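Shown next, in structure tokens, is the structure this report addresses.
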Amino acid sequence: NYGVVISIEDNDLLVAAYYLGLYPVYYLQTDKITIVTSVPSLFHCWPDFRAEVDASGLVSILLFAHTCLGHTIFKDVFRLEQGALLWLDRAGRLRSEQVSLTPESPGPRNLDEAVQAYDSVLSSRMDDLAGHDVTSLLLSGGLDSRILAGYLGRRSGDEKSAVSLGDARDLETRAAARVASAIGVRHECVPFDQKEYPAYAQKAFEFEAITNGLFSLNEWAFAETPRRPVLAGYYGDLIMGMNHTQWGQEATTDLHTFHAICSKSNSYGFTPGVVRELVRGKDIDDTIFTLLREMNEEYYGYPGQSWQRSW
């Protein structure tokens with residue numbers, strides 16, 4: 001349960017979700033049992049569990065390639081939203097509440113301060129890894145992995161390698177090879193066969209896909225290789241507030257709106273009209289409308305400036 005942090009206070013059980021939401025915390029409560037886990041397969045260990053489809057979870061996966069508002073693909077199974085606490089009191093009542101975290105120091109006032117803050121975090125993380133046998137970097141050639149390559153290249157004394165997925169002739173793989181050469185590490189490619197995608201999709205269903213669509217299946221090819229441990233730069237662009245901030249901006253104005261980011265996110269899935277044809281439930285229109293309305297309300301309920309809502 002790598003995503004679950006548990007403490008007991010005044011005989012109440014508290015479960016916290018990772019603030020950035022990268023690690024999942026799923027929960028289910030019935031009149032017989034309460035299950036909290038980061039491993040979806042654990043629900044199937046309970047004999048009375050029935051894997052019924054949650055309509056809102058299915059619709060959001062089809063629209064955006066991931067679920068929204070705490071839904072999962074399973075009925076009555078929810079994902080604790082980022083930065084939230086789950087309380088189980090002595091009476092067995094379960095509730096969740098959002099926690100407002102106060103930063104230890106004021107946020108950066110400009111780009112230079114933001115770069116300094118990011119540099120401090122990454123430098124500290126590399127220092128933490130000094131005592132670990134991290135010898136490989138998953139180097140796609142994109143922004144996140146290129147930044148980590150630069151920090152990893154500062155370390156000396158141990159042999160390191162950079163690993164890329166795909167064909168050595170691919171544009172990003174060629175970029176990755178140049179980055180590896182620049183920091184003086186060995187570069188290798190891990191090929192993957194698209195014929196293996198159905199098997200990878202089955203693994204995704206088994207291990208992770210109760211809130212996600214089936215994408216990045218090629219990464220299972222890397223997971224099956226014997227390279228351990230490995231450094232990866234997942235979600236660096238999201239944490240820095242890059243892509244999603246731009247997604248929320250209207251094309252003709254400086255305004256950031258739910259409509260803009262919803263339209264961009266929908267490019268990863270099917271249009272509402274196609275979803276209606278795929279699901280064909282009698283309440284499908286209400287399900288789509290209610291989901292989008294609640295997402296719109298949550299978006300405009302976020303504090304801060306308009307661009308921060310997109311982030």
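Treat the numbers as computed from the prediction; the structure is a model and nothing was measured. In what follows, residues are counted from 1 in the order of the sequence shown.
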Inset, instruction - Output yes when R186 and E188 qualify as a salt bridge under the 4.0 Å nitrogen-oxygen rule, no when they do not. - result: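 Looking at E188 together with R186, the answer is yes, because their closest N to O distance falls below 4.0 Å.
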[atom1]-[atom2] distance between [X] and [Y], expressed to the nearest 0.5 angstrom:
X: N266; Y: L292; atom1: CG; atom2: CG; result: 8.5 Å
X: H44; Y: I35; atom1: NE2; atom2: CD1; result: 10.5 Å
X: S60; Y: L69; atom1: OG; atom2: CG; result: 7.5 Å
X: L86; Y: R95; atom1: CG; atom2: CZ; result: 9.5 Å
X: S265; Y: F258; atom1: OG; atom2: CZ; result: 8.5 Å
X: W247; Y: K264; atom1: CH2; atom2: NZ; result: 6.0 Å

Which atom names give the shortest non-hydrogen contact between [X] and [Y], and what distance separates them?
X: S145; Y: L138; value: CB-O, 3.5 Å
X: L139; Y: A149; value: CD1-CB, 4.3 Å
X: R174; Y: A168; value: CG-O, 3.5 Å
X: P272; Y: I288; value: O-CD1, 3.9 Å
X: G166; Y: C189; value: O-CB, 3.8 Å
X: E298; Y: E81; value: OE2-OE1, 3.7 Å

Legend entry - Qualifying residues under side chain to side chain contact (heavy atoms under 4.5 Å, CB included), relative to K32, sequence neighbours excluded: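 Here the qualifying residues are T30, W46, D48.
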Legend entry - Any residue meeting side chain to side chain contact (heavy atoms under 4.5 Å, CB included) with E250, in chain and number order, not counting sequence neighbours: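 So E250 forms a side chain to side chain contact (heavy atoms under 4.5 Å, CB included) with T253, T257, H259, A260.
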N/O donor-acceptor pair under 3.5 Å between [X] side chain and [Y] backbone:
X: R280; Y: E277; answer: yes
X: D170; Y: D167; answer: yes
X: T173; Y: R169; answer: no

Is any side-chain heavy atom of [X] less than 4.5 Å from a side-chain heavy atom of [Y]?
X: L255; Y: Q249; answer: no
X: N296; Y: R293; answer: no
X: T67; Y: I73; answer: no
X: V275; Y: L63; answer: yes
X: S123; Y: R125; answer: no
X: T72; Y: D54; answer: no
X: I61; Y: N212; answer: no
X: E52; Y: F74; answer: no

With the 4.5 Å side-chain cut-off for hydrophobic clustering, are [X] and [Y] part of the same group?
X: V53; Y: I284; result: yes
X: V274; Y: L62; result: yes
X: Y302; Y: L291; result: no
X: V185; Y: Y151; result: no
X: L152; Y: V121; result: no

Legend entry - Candidate pair F43 and V77, rule side-chain contact (heavy atoms from CB on, under 4.5 Å), full reasoning: CA-CA 9 Å; F43 294 113; V77 175; 3.6 Å; yes
Inset, instruction - Let me see the working for L148 and D144 under side-chain contact (heavy atoms from CB on, under 4.5 Å), right down to the final yes or no. - result: CA-CA 6 Å; L148 284 184; D144 299 340; 6.0 Å; no
Inset, instruction - Check the surroundings of atom CG in D254: do more than 12 heavy atoms from other residues, nucleotides or ligands lie under 6.0 Å from it? - result: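 No, because the 6.0 Å sphere around CG of D254 holds 12 heavy atoms or fewer from other groups.
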Legend entry - Greater than 12 external heavy atoms within 6.0 Å of F289's CZ: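 Incorrect, the count does not exceed 12.
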Legend entry - Side-chain H-bond candidate by donor/acceptor type, S164 with H187, under 3.5 Å: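 Yes, side-chain donor-acceptor contact under 3.5 Å.
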Legend entry - Criterion side-chain contact (heavy atoms from CB on, under 4.5 Å) on Y26 and I210, from CA distance to verdict: CA-CA 10 Å; Y26 305 114; I210 70 170; 3.7 Å; yes
Inset, instruction - Assign the ring pair F78 / H71 to parallel, tilted or perpendicular, where the plane angle (0 to 90°) is split at 30° and 60°. - result: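 F78 vs H71 ring planes: tilted.
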Legend entry - I261/Y299 under side-chain contact (heavy atoms from CB on, under 4.5 Å): CA gap, chis, key distance, verdict: CA-CA 10 Å; I261 197 168; Y299 177 88; 4.1 Å; yes
